[in-house]
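A short worksheet on the structure shown next.
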Amino acid sequence: MLTLHCPYCGVDADETDLHAGGEAHLTRFGPGASDDDFEGYLFTRKNPKGVHFERWRHAYGCGKWFLAARCTATLEVFATYSAQTVAPPADVRAAITAKRPDWSWGDLS
Amino acid sequence: MSNAISALEGRAVAGDVTVTDMGLQGMISLRGDLSDKALTKVCKSVTGADAPKPLQMSVAGASGFGWMSPDEALLLVPYNVVRDGLASINNALSGQHFLASNVSDARAHIVVSGAYADEVIAKVSPVDMHPDSFAIGDFRRSHLGQVAAAFWKSDANTFHVICFRSVADYVFDLLAASAKAGPVGYTS
């Protein structure tokens, strides 16, 4: 069972209060994009064993979307942070590096 | 004019912990910038309650001012003054980005009161109801059993629950069953 800290209302929300929103930090490819880019945006998702970035919504609480960095293998949560970011902030990356020195996720590490 | 009735029509279950429908409760849902002075001022004039801190319900008599999310408040007022309250809010905030609506008839207000009232709620929600982490005045949106609900603690043994009208029957029966099943010894 996951417990994620909602960065908007400050509640340590139980998984049953949350709604999973899939992979975070997607780059949107819309009208005018190539077929490959559009297909990748729609369907191609990372499925790592280890460090992962996800979108979550505090559905039964304040209703806000936020982002979480966690380990898919151990369910350890490294940090949760604002959804108004296009890449994980430095403090989030530092928190992951402290626990998983050799982590990588897409272009990030 | 239709004859307004609450979803549970004052239903009550007696016992060590009582579960009671509070009947008609005026509620105004207000979305806007909660840090705005004009907004908190008009909310205070409508409810008589001070602006709540995050995750708190500020109570003044039969009225209340609750923090629902960073941009949403719940105002509790007597049922028959909702229209006046809405008019005051619409006047005071005209020109601003906000939305105030009368949700009185869309929701139900149930009170759980008694020696182990906190455990009655703890058993059916994921919230830590221990007095060390859920104090008097604390207000939380979460779920009870299968459905969304919000609740606050008004004194050591009394909790107020707000849920949607369509699930009022379910929530009432759930709380009554939880109360009937007795204490579990977590908070006492």
Side-chain angles (χ1 to χ4, degrees), chain A residues 1-26 28 52-93 95, chain B residues 29-35 51-58 66-74 99 101 103 106-107 121-130 132-135 137-153 161-164 166-167 170-171 174 186:
Chain A
M1 190 65 95
L2 275 173
T3 303
L4 298 180
H5 180 82
C6 172
Y8 292 91
C9 66
V11 164
D12 288 325
D14 185 81
E15 187 175 345
T16 56
D17 272 346
L18 302 166
H19 178 80
E23 183 181 324
H25 304 304
L26 293 178
R28 181 172 184 271
H52 196 26
F53 296 89
E54 291 174 325
R55 305 168 72 222
W56 287 87
R57 180 172 177 255
H58 195 187
Y60 282 103
C62 65
K64 303 297 180 198
W65 285 97
F66 62 92
L67 305 181
R70 70 181 184 97
C71 175
T72 58
T74 64
L75 299 191
E76 180 177 6
V77 179
F78 303 113
T80 55
Y81 54 101
S82 164
Q84 279 74 44
T85 51
V86 292
D91 59 330
V92 171
R93 289 200 240 183
Chain B
S29 171
L30 176 62
R31 295 203 82 132
D33 178 3
L34 296 190
S35 62
K53 294 195 180 87
L55 303 173
Q56 298 255 301
M57 168 66 80
S58 167
W67 190 95
M68 294 285 274
S69 85
D71 55 6
E72 183 177 351
L74 176 67
L99 179 69
S101 47
V103 293
R107 296 181 181 172
I121 292 186
K123 281 190 281 182
V124 294
S125 89
V127 179
D128 183 0
M129 299 304 290
H130 195 280
D132 291 346
S133 54
F134 201 88
D138 280 359
F139 180 46
R140 183 71 77 85
R141 290 170 76 183
S142 182
H143 60 99
L144 294 178
Q146 306 281 329
V147 300
F151 42 85
W152 72 95
K153 188 173 187 174
V161 175
I162 303 269
C163 67
F164 286 121
S166 56
V167 294
Y170 169 82
V171 169
L174 181 74
Y186 171 59

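Each chain gets a letter, A, B and so on, in the order its sequence line appears, and its residues count up from 1. All values below come from the heavy atoms of this structure, side chains included, with hydrogens, waters and symmetry mates left out.
Among all heavy-atom pairs drawn from A/Tyr60 and B/Gln146, the shortest one is OH-O, 3.9 Å. Of all non-hydrogen atoms in B/Pro70 and A/Tyr8, the two that sit nearest each other are CG-O, 3.7 Å.
Taking a 6.0 Å sphere around CD of A/Glu15, one finds it holds more than 12 heavy atoms contributed by other residues, nucleotides or ligands. Few gaps surround OH on B/Tyr170; more than 12 heavy atoms of other groups in view lie less than 6.0 Å from it.
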* Asked: Would A/Val11 and B/Arg141 count as a side chain to side chain contact (heavy atoms under 4.5 Å, CB included) if you check the C-alpha gap in whole Å, the side-chain angles of each, and the deciding distance to 0.1 Å?
  -> CA-CA 10 Å; A/Val11 164; B/Arg141 290 170 76 183; over 6 Å; no
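A distance of 7.5 Å separates CG in A/Asp14 from OG in B/Ser142, rounded to the nearest 0.5 Å.
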